[in-house]
Number of protein chains: 2
Amino acid sequence: MTLDNKKIERISKALGDPYRLKIMHAIMKMEKAQKGTCSMPCSNLVEMIDLAQSTVSHHIKQLVDADLLIAEKEGRNAKYTINKEVFNAYVSFLQPFAS
Amino acid sequence: MTLDNKKIERISKALGDPYRLKIMHAIMKMEKAQKGTCSMPCSNLVEMIDLAQSTVSHHIKQLVDADLLIAEKEGRNAKYTINKEVFNAYVSFLQPFAS
DNA sequence: TTTTTAAATCGAAATATTTGGATGTTTCGA
DNA sequence: TCGAAACATCCAAATATTTCGATTTAAAAA
């Protein structure tokens, strides 16, 4: 999987905010803890993050738009999982700069 | 080398702009072509990028502030080199999300 | 059915970033 | 020494992002 420039830009921008990094970390830790597929409802994140619900929703949207998170609906909850494939591709993009 | 959250944020933000990505790419290619230490004067970048000189300077400043580029003065030219160590640390930060 | 809950969307204000012109600083060359 | 060249810095305008309250949508619960 190769990411075009626009995608790289979006991903980088999405990771360039403290709240969005916090969200990603929370979901990642959750996934590591309970191995296998895992659900992270928005409400948990809102509780954790001390921003208005609409603001958290907006941040999540940017992470989803960047394909860093995969969103699914589960009843009236939202479920987010980390898109490892995209992270892998992003790391591959960065690799040439690191070596 | 470990990067704190603020640094991760800065780096991500610095990479979240098309012109700055272009600058990084140009310098990276330059370094790969002529192996060993290499110089990339600002004037080349200005020519390449079709933005005002002050704007290019501003973009470079952000890359330097994020420690993605190391700046040195060489006479009246500026010389920029990629900070591989920081890229490596950034990749290390991302790794847990990719696997 | 009506109410409640979870989350997305809208609209507007506050804040931050991007951009270029003008100017300043340093260095090289004439 | 003087002028030009290479960058950096300052300022203000244009643009984008962040934030929240209010509203909307959809699903579960009463």
Side-chain angles (χ1 to χ4, degrees), chain A residues 5-27 30 38-83, chain B residues 5-27 30 38-83:
Chain A
N5 284 11
K6 194 67 205 163
K7 205 58 171 286
I8 295 292
E9 198 192 319
R10 259 182 198 279
I11 291 170
S12 304
K13 208 174 280 186
L15 293 175
D17 175 276
Y19 295 113
R20 291 194 291 267
L21 285 174
K22 216 169 173 181
I23 291 169
M24 291 307 297
H25 259 120
I27 296 175
M30 195 90 158
C38 144
S39 124
M40 187 63 178
C42 186
S43 50
N44 285 19
L45 296 167
V46 170
E47 229 175 294
M48 203 187 74
I49 275 178
D50 195 43
L51 282 177
Q53 177 267 322
S54 60
T55 306
V56 174
S57 187
H58 170 253
H59 281 309
I60 290 172
K61 186 170 160 40
Q62 292 192 61
L63 292 166
V64 171
D65 286 351
D67 283 335
L68 293 174
L69 288 181
I70 298 166
E72 282 174 281
K73 272 282 187 183
E74 203 147 82
R76 63 185 160 181
N77 295 308
K79 174 182 147 186
Y80 304 104
T81 45
I82 289 177
N83 193 340
Chain B
N5 285 10
K6 196 67 206 162
K7 205 60 170 282
I8 295 291
E9 198 192 318
R10 259 181 199 281
I11 291 170
S12 304
K13 207 173 280 187
L15 293 175
D17 176 276
Y19 294 113
R20 291 195 291 268
L21 285 174
K22 215 168 175 183
I23 290 169
M24 291 307 297
H25 259 120
I27 295 174
M30 196 89 157
C38 144
S39 124
M40 187 64 177
C42 187
S43 50
N44 285 19
L45 295 168
V46 171
E47 229 175 295
M48 203 186 72
I49 277 177
D50 195 43
L51 282 177
Q53 177 268 321
S54 60
T55 306
V56 173
S57 188
H58 169 255
H59 282 308
I60 290 172
K61 185 171 162 39
Q62 292 192 60
L63 292 167
V64 171
D65 286 351
D67 284 335
L68 293 175
L69 288 181
I70 299 165
E72 282 173 279
K73 273 281 187 182
E74 202 146 82
R76 63 184 160 180
N77 295 309
K79 175 183 147 184
Y80 304 105
T81 45
I82 289 178
N83 193 340

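Here is how names work: the chains are called A, B, and so on, in the same order as the sequence lines, proteins then strands, and each is numbered from 1.
- The NZ-P distance, from B/Lys73 to C/dT25, rounds to 14 Å in whole Å.
- Ranked by how close their nearest DNA chain D nucleotide is to the 5' end, B/Lys61 and A/His58 are led by B/Lys61.
- In this structure, CG of B/Asp50 is placed 15 Å from C1' of C/dT18, rounded to the nearest angstrom.
- Counting to the nearest Å, the P atom of D/dT19 and the CD1 atom of A/Ile49 are 10 Å from each other.
- Ranked by how close their nearest DNA chain D nucleotide is to the 5' end, A/Gly75 and A/Gln62 are led by A/Gln62.
- No N or O donor and acceptor, one from the side chain of B/Arg76 and one from the base of C/dT26, sit under 3.5 Å apart.
- Residues B/Leu69 and B/Asn83 are not in side-chain contact: their nearest non-hydrogen atoms beyond the backbone lie 4.5 Å or more apart.
- B/Ile11 has its side chain within reach of B/Leu68: a pair of non-hydrogen atoms, C-beta onward, lies under 4.5 Å apart.
- B/Thr81 places none of its side-chain heavy atoms less than 4.5 Å from the side chain of B/Ile27.
- Annotation: side chain of B/Ile23 is not in contact with side chain of B/Met48 (no heavy-atom distance under 4.5 Å).
- The side chain of B/His59 contributes no N or O atom lying less than 4.0 Å from OP1 or OP2 of C/dT17.
- As rounded to whole Å, 13 Å separates atom C1' of D/dT15 from atom OH of B/Tyr19.
- Following rounding to the nearest Å, A/Ile23 (CD1) and D/dT18 (P) show an atom-to-atom distance of 11 Å.
- For C/dT27, the OP1/OP2 oxygens have no side-chain nitrogen or oxygen of B/Asn77 closer than 4.0 Å.
- The separation between B/Asp65 atom CG and C/dT18 atom P is 12 Å, rounded to whole Å.
- Side-chain contact between A/Leu45 and A/His59 is absent, with no heavy-atom pair separated by less than 4.5 Å.
- Comparing C/dT9, D/dT18, C/dG20 by their closest approach to the side chain of A/Ser57 singles out C/dT9.
- Nucleotide C/dT18 holds its C1' atom 13 Å from the CD atom of A/Glu9, rounded to whole Å.
- Judged by distance alone, with hydrogens and angles left aside, B/Gln53 brings no side-chain donor or acceptor close enough to the base of D/dA6 to form a pair under 3.5 Å.
- The phosphate of D/dT19 (OP1 or OP2) has no side-chain N or O of A/Thr55 nearer than 4.0 angstrom.
- The side chain of A/Lys13 places no N or O atom within less than 4.0 Å of a non-bridging phosphate oxygen (OP1 or OP2) of C/dT17.
- Residue A/Ser54 places no side-chain N or O under 4.0 Å from the OP1 or OP2 atom of D/dC20.
- In this structure, A/Lys79 atom NZ and C/dA6 atom P are separated by 18 Å, rounded to whole Å.
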